Novice: 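Shown below is the structure under consideration.
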Amino acid sequence: MTRELGFAQAINEALDLCLANDPAVYVVGLGVPDPKGIFGTTLGLQQKYGSDRVMDMPTSEGGMTGVAIGSALVGMRPIMTHQRVDFALLAIEQIVNQAAKWHYMFGGKMRVPLVIRMIVGRGWGQGPQHSQSLQAWFAHVPGLKVVMPATPYDAKGLLIASVEDDSPVIFIEHRWLHNIVGHVPEGLYRVPIGEARVVREGRDLTIVAMSYMTLEALRAAELLRADGVEAEIVDVRTVRPLDEALILASVRKTGRAVALDTSWKTAGFAAEIVARIAEEVFADLKAPPRRAALPECPTPTTPALANRYYPRAADIAAAARELLGVAPDGALAVPATGLPLDVPDPSFTGPF
Amino acid sequence: MTRELGFAQAINEALDLCLANDPAVYVVGLGVPDPKGIFGTTLGLQQKYGSDRVMDMPTSEGGMTGVAIGSALVGMRPIMTHQRVDFALLAIEQIVNQAAKWHYMFGGKMRVPLVIRMIVGRGWGQGPQHSQSLQAWFAHVPGLKVVMPATPYDAKGLLIASVEDDSPVIFIEHRWLHNIVGHVPEGLYRVPIGEARVVREGRDLTIVAMSYMTLEALRAAELLRADGVEAEIVDVRTVRPLDEALILASVRKTGRAVALDTSWKTAGFAAEIVARIAEEVFADLKAPPRRAALPECPTPTTPALANRYYPRAADIAAAARELLGVAPDGALAVPATGLPLDVPDPSFTGPF
Amino acid sequence: MNAETLGELFYAMLRIRLVEERIAELYAEQEMRCPVHLCIGQEAVAVGVCANLSPDDYVLSGHRSHGHYLAKGGNLKTMLAELYGKVTGCAQGKGGSMHLVDLAVGFLGAAPIVGSTIPIAVGAAFGSALRGERRVAVAFFGEGATEEGIFHESLNFAAMKKLPVVFVCENNLYSVYSPLSVRQPAERDLMAIAAGHGVAAERGDGNDVAVVYALAGEAAARARQGGGPTLLELTTYRWREHCGPLYDNDLGYRSEAEFEGWRQRCPVAHAERTLGARGALDEAEIARMHAAIAAEIDDAVAFAKTSPFPKPSALLEHVYAQ
Amino acid sequence: MNAETLGELFYAMLRIRLVEERIAELYAEQEMRCPVHLCIGQEAVAVGVCANLSPDDYVLSGHRSHGHYLAKGGNLKTMLAELYGKVTGCAQGKGGSMHLVDLAVGFLGAAPIVGSTIPIAVGAAFGSALRGERRVAVAFFGEGATEEGIFHESLNFAAMKKLPVVFVCENNLYSVYSPLSVRQPAERDLMAIAAGHGVAAERGDGNDVAVVYALAGEAAARARQGGGPTLLELTTYRWREHCGPLYDNDLGYRSEAEFEGWRQRCPVAHAERTLGARGALDEAEIARMHAAIAAEIDDAVAFAKTSPFPKPSALLEHVYAQ
Ligand SMILES: Cc1ncc(C[n+]2csc(CCOP(=O)(O)OP(=O)(O)O)c2C)c(N)n1
Ligand SMILES: Cc1ncc(C[n+]2csc(CCOP(=O)(O)OP(=O)(O)O)c2C)c(N)n1
Ligand SMILES: [Mg+2]
Ligand SMILES: [Mg+2]
């Protein structure tokens, strides 16, 4: 019997196991021990491990990141949490100038085993300052690892691997994944950082996705199947280091690629995917690679515009069809779910 | 008779003219009025315009960016300067969450005519925290414009255009350009933001460059000429908004492209260039596009490693030859300038 | 404080209270699809401070800005339309509750990154000083924001330039569910911190509008006379949940007894009682006020609800200023 | 202070002085190809503070760290090799002057982003407290760093957790060429700021090593006894240019008279005079000290100069910890 768990619970279980497994691990962040427990991911941990190991903090993102770094230098393994990526911008200096570089710039003498969880907001008016998804920034910085799980299984396994890693890891969670459910084994297991995964096999094109976009890609693949198109989906899982080999192997096979992104198109991570494909498997390409990403504007708050802001399965399928020169099956072109477009599922009733 | 001016003087002249032209303009930054005048770029301005309009500031990059934004909202046009891009990381929250978004998120009611000069350090042991070049980050953010001039002419014209622009502009100067000399007309003139320029025509391949890499590209083109290869060089000048049309037209003509970057390769701006080329002119490409950028490590301080860190003309030429399947002319493969590799020219004797 | 002034302040507080209560009521309809941070219980701060300002003066705020916006004279209709995501909203729907603006009355904007609008307020004062004006700029923020470094950077610059800024800290004891004890040392003294920066500072009861009015009056006068910035720390209490329309004492992060104590000190009821005791307000007048405000809100809600959403083409508008 | 202790502190200061002077001399050869920020004139702070620490205690510093590194017991040879970019350097040449480290003596690292190592020092103290140790962590920084918000955030957290941290502010009146007047209000009082955060604070003459030693001794004792953090503001003066080996008073950003006044208050000469007056040091002993230090420096310079550079393959090593 497979064990099913929600994504948020999978994170919670990973934290729990890491705390139990290594006394050096501690969890810190605004609201970590609060009654809602960061969307459920930290619930119960303070009760179990005490307020020294599972702790709230002042609204001082920059300083507290420095504190976490300092504690890591002397042997601790902090896990810091930000409820939105956007808040972590106050800590960019510490993350990029300091955490990412201490190992290198001291000739290997120091190490910063720090995990920083950052949550990407979306829907229900999250708007311009609560919805950014800046994996491309972190992926640009040597010294950082960047992880973006799409499934509960990967969330748990990658978080454990991140906590056990001796380098700083940016662990990006999409708010719309917290409620999804999937198979999650009990106990400690690792999903290796730097390994992508083929989540669906197909012969006609490769869709390269990450995090929540993997789900949209799966939905798009269903739409495409109705047109007789079989999409292969690669979930990169880790954006730095990138599993280039797996992506390229898939594109070599299919000859076509669409790279998805949870962020803006220009200079986003999908650009890196497309660039590598163009550089490395050019001769195997049957059509130019494509991207499906956010349009070039800040996130509008009103649902009227937010609903046109995020690329959905139908948009991905449309890009794929264009690439293949396939006409869409009219009936399926616009999936009529009846759901409002600014919530992941009907259980989500705002405000967050 | 053409008028010659140094790059730093060109910046100085642009600041001077902008201050003279519009009472709303003011210049602020650490060391702005000091005796060295930010590598000469702000010399004499405080004497001329007073300490209200040309001012030093506390070491508070984040707060002072907020101050600049607030002043811009009520009608001022601040020009802020950071002696290194790396220091501006303390102001990322204000730049990206606030300056970039106030126009959009208030439905067009507010505007932030703010220019932020950031200098990219290089050479003489600038090391991991004094040499970063994060144009890809800023280019990723809708609402920001990002300018990277390579010549004194463009430095002046683009800075004036930036100051007159009603949106926030990140103006990135490379430290190794401050001493170069070139033609600079007197008086106010603008180089439009968003227009690239063909700085050298050629038929065999397109080298897409920016800022200091444009100079290395020109040197590379000379090396390639000896092999009978004629490179076309496009200086993008503005990385956001990007003059895609000019770049694509050039690649359509030559069928081959190498994108240069002053930053790391992964998720750097060159990835965006390669991605657009792959997406838009795929059919015209005779070979896969390539990038020449920094290797995936922080900047090492020792010259022994820094000299192997930065791609130079010879590396660019090598990449181009590989693309064309041309064997290098042995004599020219390694340019023997006799110069140390960690200074732009012999006049540069450290420490900055 | 004379009864006339107190009466005006009472009306302004009551209006904010009733607007917030209406939002709470309507929120369940799920038509306002953006986070809302209600200021019920904290109205005296917004009203007492803004009563000392003219429309030329500037106000900036954070995530909990409805009261500040309304107290500064912000348009109720465009505020509600903004919460409904309509094109008639004060930010054309692009901002929502966390990004109110009304330039006509000097409400320069609000943004929910904790602490980040504090230096922007200082900059507004600085810019206006550079332009030879002497407008006062007020930054409203919670006590959580005083934990952000940028708050301290803002004090330093405002003091150095003797800028006409009033820093208004609404200390409501909590940041979301986190009490002061997990965020600040017990010995923390914001007055001393301000003084160390060369910023005048006063602490006061944020639930007594007369106290707030007097303290803010002095601060605004100091600012106008070139005396530089002032920090006010005003103690108050948020009644509803941090974000959203409900009560949340059941979550257990604060006690029912604590909440009750603060509810007894309701700023609106306190002013009402004072006016009543002085014979300056009777039941009938109160009823008239409620009715007038309810009618105004009905109108604004109708405006918001019937207004159109932005057109799809608006998505890519306003990215860059022309 | 007894003569023996003062003698040791004098020797440590003299050693730093002579190392810095030798760096200044050798810098013209252009073989040390990295920015250097010399601490000549400020030696008493480094020495007076570190004399209260054991190798188990932690020190973090900023751009001007040579003195702190040496005072904490950092290896001179590997420091000079680091400045020469050699693989035998304390950071294998990858760091240079601005990134010294010597874990054997608890010098945890230095980094030149103003203010940024302050919270890292707090974190070292926090981490060690979490591990049940009670090591003291010292953060050295200039007065410029107190303008960074992160400094204030660090005070807040250290005080809240009563961490064993000593914040050592070397107030040398300038940040590069910028005087205090363009960066801080005249009324600025760092003592009050610290007190407002619940951090004990003392101000003292940073050019008198006995004063520094005593203040730091109290602070370290407080830290070890669980009394929490202390901030020390020590007034001192940088003699040479901000960055590089030369004098730069000719630039005009500070007056020759001011400089002369401070040179008269040379911390090394002051200790030497005190010892001399107490009959605890004579010319011969001083000469012996100079000779011993010179020999040590000769040795270290030879080590640095003859050491190899890192191999090309080192470029891509140490990006990630294995
Ligand atoms: C930089 C940043 N960190 C965290 C948050 C999440 N957050 C939103 S409101 C809030 C509470 C702030 O508390 P306070 O400043 O006291 O204001 P209050 O909600 O009590 O009015 C927090 C932590 C944020 N918006 N910005
Ligand atoms: C965040 C940041 N801003 C600016 C700089 C440039 N900078 C290097 S040292 C320095 C002076 C700092 O002054 P202070 O802290 O007083 O130290 P001092 O040099 O006087 O010892 C400055 C501004 C920097 N390194 N980091
Ligand atoms: Mg609060
Ligand atoms: Mg100083």
Side-chain angles (χ1 to χ4, degrees), chain C residues 113-116 118-120 122 126 141 143-163 165 167 169 171 175 178-203 222 226-231 233, chain D residues 113-116 118-120 122 126 141 143-163 165 167 169 171 175 178-203 222 226-231 233:
Chain C
I113 303 295
V114 169
S116 289
I118 303 175
I120 296 177
V122 172
F126 181 55
F141 50 90
E143 87 294 340
T146 71
E147 296 151 20
E148 293 286 4
I150 208 158
F151 162 70
H152 302 269
E153 296 179 357
S154 302
L155 292 185
N156 181 60
F157 186 75
M160 183 175 80
K161 295 283 182 189
K162 281 213 176 307
L163 295 175
V165 183
F167 298 97
C169 173
N171 186 344
S175 165
S178 307
L180 282 169
S181 58
V182 299
R183 301 182 284 122
Q184 300 178 11
E187 305 79 7
R188 179 80 143 32
D189 178 0
L190 198 56
M191 301 295 96
I193 291 175
H197 281 289
V199 172
E202 295 287 345
R203 189 178 275 137
R222 178 176 300 118
T230 305
L231 170 73
E233 182 182 8
Chain D
I113 304 294
V114 169
S116 288
I118 303 176
I120 296 177
V122 173
F126 182 55
F141 49 90
E143 86 294 341
T146 70
E147 296 151 18
E148 294 286 4
I150 208 159
F151 161 70
H152 302 269
E153 297 180 357
S154 302
L155 292 185
N156 181 60
F157 186 74
M160 183 175 80
K161 294 284 181 187
K162 281 215 176 308
L163 294 176
V165 182
F167 298 97
C169 174
N171 186 344
S175 166
S178 307
L180 282 169
S181 59
V182 299
R183 299 181 285 124
Q184 300 178 11
E187 304 80 7
R188 180 79 141 36
D189 178 1
L190 198 55
M191 301 296 95
I193 290 175
H197 280 288
V199 172
E202 295 287 344
R203 188 178 275 139
R222 178 177 298 118
T230 305
L231 170 73
E233 182 181 9

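Small disclaimer: the values here were computed from a predicted structure and weren't measured. Quick note on labels: first sequence line is chain A, next is B, and so on, each numbered from 1. Side chains are part of it too, since the values below use all heavy atoms of this structure and drop only hydrogens, waters and symmetry mates.
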Novice: List the atom pairs, donor and acceptor, that lie under 3.5 Å between side-chain atoms in residues 180-187 of chain C and the rest of the protein, sequence neighbours left out.
Specialist:
from: Arg183(C); atom 1: NE; to: Ser178(C); atom 2: O; distance (Å): 3.1
from: Arg183(C); atom 1: NE; to: Pro179(C); atom 2: O; distance (Å): 3.3
from: Arg183(C); atom 1: NH1; to: Glu143(C); atom 2: OE2; distance (Å): 3.3
from: Arg183(C); atom 1: NH1; to: Glu147(C); atom 2: OE2; distance (Å): 2.7
from: Arg183(C); atom 1: NH2; to: Glu143(C); atom 2: OE2; distance (Å): 2.8
from: Arg183(C); atom 1: NH2; to: Leu173(C); atom 2: O; distance (Å): 3.4
from: Arg183(C); atom 1: NH2; to: Ser178(C); atom 2: O; distance (Å): 3.3
from: Gln184(C); atom 1: OE1; to: Arg188(C); atom 2: NH1; distance (Å): 3.2
from: Gln184(C); atom 1: NE2; to: Glu143(C); atom 2: O; distance (Å): 3.4
from: Gln184(C); atom 1: NE2; to: Glu147(C); atom 2: OE2; distance (Å): 2.8

Novice: What distance do Ile150(C) atom CD1 and His152(D) atom NE2 have between them, rounded to the nearest 0.5 Å?
Specialist: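 Taking CD1 in Ile150(C) and NE2 in His152(D), the distance rounds to 12.0 Å.
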Novice: When only heavy atoms count and the cut-off is under 4.5 Å, which of residues 156-163 of chain D reach chain C?
Specialist: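 Within residues 156-163 of chain D, the residues that come under 4.5 Å of chain C (heavy atoms only) are Asn156(D), Ala159(D), Met160(D), Lys162(D).
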Novice: Select, from Gly149(D), Gly196(D), Ala194(D), the one with the greatest count of heavy-atom pairs under 4.5 Å involving chain C.
Specialist: Gly196(D)
